[in-house]
K.L.:
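Got a structure for you, questions after.
None of these values were measured; they are calculated from a predicted model. Only this structure's heavy atoms are used, side chains among them; waters, hydrogens and symmetry mates stay out. All residue numbers refer to positions in the sequence shown, counting from 1.
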Amino acid sequence: MTAGLLLATAALALLINILITPLVVRISCRSVSRWISMPVGDATQDLPYRWRIASGATALLLWGSAASRAPLFDRITSSNPSIDGVISIVFAILLVGLLAALLTALVRIDWLSQLLPDPLTLAMITSGLLFHYLLNPDYLIHAVLGAAIGYGLLWAMAAAYKKLRGLCAMGRGDFAMTAALGAWLGWQLLPLALSLACISGLVMVLVQRQLWRSTTQEGQPQDLSRAAFLNHEIPFGPALAVGFILAWVQIG
């Protein structure tokens, strides 16, 4: 693939991401408002500039990695390019731009409210399956298995933890987002993504623990016990997003 084609498709992926992001934010706002009364909706109606930059940068990163291994580029750069190949590339770019917008919204919403809205996770699963259908239909079965295994694996882990400790460690949104990771990566790369997510989550816990120890509540000393910290909810969605991006870039 020529450098010019890569730059042109990357610019298109960025443009699509910019256009799709406000719609994704609006959908996530409405979904979260059904569950909690805190003003998360007001906070997400106007997506801060730094989050828009993060979303656009993610779109470029994901598309750059995908383009390095997309077999359809061979069809449109050959001596006899295929119209179907061009159409498939355009749809693939749209899906990657959507993926970056979904990841950004999911990370921000989970960080603010500890919720992963079903419309966004379902859209991420569906877009992942469509992406593989367009670029490599032979890989679609692996994507379907990845989605099923991703959901079932985390559900089984959460059920076992609840039975042993009597506590809910993860919610249904975490299961759905892991299924989305499997839909995009396939079942073979799901263990890598989850391992990277766990490492990222551990780093987040250590940082939050340090911040927890250095803050107070309304001028009074905060309970610094280990039990009090463990009762503090820490979102897993951002760690899953980091694990997915690292795994996606690595296979590129």
Side-chain angles (χ1 to χ4, degrees), residues 12-35 40-41 44-45 47 51-52 54-63 65-66 88 90-135 139-140 142-152 154-155 170-187 189-190 193 197 235-245 247-248:
L12 182 57
L14 178 59
L15 176 62
I16 290 172
N17 174 262
I18 293 173
L19 295 176
I20 289 178
T21 294
L23 176 61
V24 172
V25 171
R26 192 173 299 112
I27 293 173
S28 63
C29 165
R30 291 180 179 177
S31 180
V32 170
S33 65
R34 299 176 183 176
W35 293 92
V40 174
T44 56
Q45 283 291 349
L47 193 64
W51 285 95
R52 295 180 184 273
S55 184
T58 301
L60 293 176
L61 181 63
L62 295 177
W63 178 249
S65 179
S88 297
V90 172
F91 274 103
I93 294 172
L94 185 148
L95 292 173
V96 170
L98 172 63
L99 170 64
L102 291 171
L103 278 176
T104 304
L106 285 167
V107 167
R108 188 162 188 266
I109 286 294
D110 198 28
W111 189 263
L112 291 173
S113 64
Q114 285 75 52
L115 290 173
L116 292 168
D118 288 338
L120 301 193
T121 53
L122 290 175
M124 191 172 168
I125 293 172
T126 303
S127 60
L129 298 179
L130 284 174
F131 181 84
H132 290 296
Y133 175 76
L134 292 172
L135 290 187
Y139 198 78
L140 182 59
H142 301 294
V144 173
L145 288 174
I149 293 173
Y151 191 97
L154 249 68
W155 177 87
M170 289 178 285
R172 189 181 64 183
D174 295 315
F175 310 155
M177 188 167 178
T178 307
L181 267 59
W184 277 91
L185 294 172
W187 66 270
L189 291 166
L190 190 59
F236 192 46
L240 286 172
V242 171
F244 167 76
I245 292 173
W248 182 264

K.L.:
Distance check, rounded to the nearest 0.5 Å: T121 atom OG1 versus L181 atom CG?
P.N.:
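Atom-to-atom, T121:OG1 and L181:CG are 11.5 Å apart.
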K.L.:
side-chain contact (heavy atoms from CB on, under 4.5 Å) for R172 and D118? Distances and angles first, verdict last.
P.N.:
CA-CA 9 Å; R172 189 181 64 183; D118 288 338; 2.7 Å; yes
K.L.:
In terms of ring plane angle, is the pair F175 and Y151 parallel, tilted or perpendicular, where the classes change at 30° and 60°?
P.N.:
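Perpendicular: the ring planes of F175 and Y151 meet at over 60°.
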K.L.:
If you take all heavy atoms of L103 and A241, which pair is closest and at what distance?
P.N.:
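It is CD2-CB, 4.0 Å.
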K.L.:
Is the ring pair Y139/H132 parallel, tilted or perpendicular, if the boundaries are 30 and 60 degrees?
P.N.:
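The arrangement is tilted - the two ring planes meet at 30° to 60°.
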K.L.:
Drop me the distance from W63's CH2 to L14's CG, to the nearest 0.5 angstrom.
P.N.:
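The distance works out to 13.5 Å.
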K.L.:
So, the side chain of S127 versus the backbone of M124: is there a donor-acceptor pair under 3.5 Å, distance only?
P.N.:
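A pair under 3.5 Å: yes.
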K.L.:
Heavy atoms only: give me the nearest G237-D174 pair and the separation to one decimal.
P.N.:
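Nearest pair, atom of G237 first, then D174: N-OD1, 4.1 Å.
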K.L.:
Could you tell me whether a side-chain N or O of N17 sits under 3.5 Å from a main-chain N or O of A59, the two making a donor and an acceptor?
P.N.:
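Not at all, since once roles are kept as given, no pair shorter than 3.5 Å links the two residues.
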K.L.:
Quick one: list whatever passes side chain to side chain contact (heavy atoms under 4.5 Å, CB included) with L15, sequence neighbours left out.
P.N.:
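Only L19 meet the side chain to side chain contact (heavy atoms under 4.5 Å, CB included) criterion with L15.
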K.L.:
Do L120 and M177 touch side chain to side chain, with heavy atoms closer than 4.5 Å?
P.N.:
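No, side chains not in contact.
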K.L.:
Are T21 and T104 side-chain neighbours, meaning at least one heavy-atom pair lies under 4.5 Å?
P.N.:
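The answer is no, as the side chains (C-beta and beyond) never meet within the 4.5 Å cut-off.
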K.L.:
Name the orientation class of the two ring planes belonging to W187 and H142 (parallel below 30°, tilted from 30 to 60°, perpendicular beyond 60°).
P.N.:
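Plane angle between 30° and 60°, so tilted.
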K.L.:
Okay, side chain of S31, backbone of I27: is any donor-acceptor separation there less than 3.5 Å?
P.N.:
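Absent.
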K.L.:
Would you say that L134 contacts L95 through its side chain, given a criterion of any heavy-atom pair below 4.5 Å between the two side chains?
P.N.:
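SC-SC contact between L134 and L95 confirmed.
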K.L.:
What pairs with I16 under side chain to side chain contact (heavy atoms under 4.5 Å, CB included), at least two apart in sequence or on another chain?
P.N.:
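Side chain to side chain contact (heavy atoms under 4.5 Å, CB included) check on I16 returns L12, I20, I93, L94.
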K.L.:
Would a 4.5 Å heavy-atom cut-off, applied to side chains only, mark I18 and S55 as touching?
P.N.:
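Sidechains of S55 and I18: no contact.
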K.L.:
I want to check something: taking the side chain as every heavy atom from C-beta on, are F131 and L98 in contact at a cut-off of under 4.5 Å?
P.N.:
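No; the side chains remain at least 4.5 Å from each other.
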K.L.:
Can you find a heavy atom in the side chain of L62 that is under 4.5 Å from one in the side chain of T58?
P.N.:
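SC-SC contact between L62 and T58 confirmed.
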K.L.:
I need the minimum non-hydrogen distance between P117 and V32, along with the two atoms involved.
P.N.:
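Heavy atoms of P117 and V32 come nearest at CG-CG2, 3.8 Å.
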K.L.:
Considering only heavy atoms from C-beta outward, does the side chain of L240 approach that of L106 to under 4.5 Å?
P.N.:
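L240 vs L106: side chains apart.
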K.L.:
Can you list the residues that meet the side chain to side chain contact (heavy atoms under 4.5 Å, CB included) rule with Y133, with sequence neighbours excluded?
P.N.:
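Partners of Y133 under the side chain to side chain contact (heavy atoms under 4.5 Å, CB included) test: L140.
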K.L.:
For the residue pair F244 and L99, establish whether any side-chain heavy-atom pair is separated by less than 4.5 Å.
P.N.:
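Yes. Closest side-chain heavy atoms under 4.5 Å.
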K.L.:
Short question: side chain of S65, backbone of L61 - any donor-acceptor pair under 3.5 Å?
P.N.:
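No; zero donor-acceptor contacts below 3.5 Å.
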K.L.:
Nearest 0.5 Å please: distance from the CG atom of L115 over to the CD1 atom of I109.
P.N.:
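So the gap between those two atoms works out to 8.0 Å.
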K.L.:
Nearest 0.5 Å, what's the CH2-CD1 distance between W184 and I125?
P.N.:
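CD1 of I125 is found 12.0 Å from CH2 of W184.
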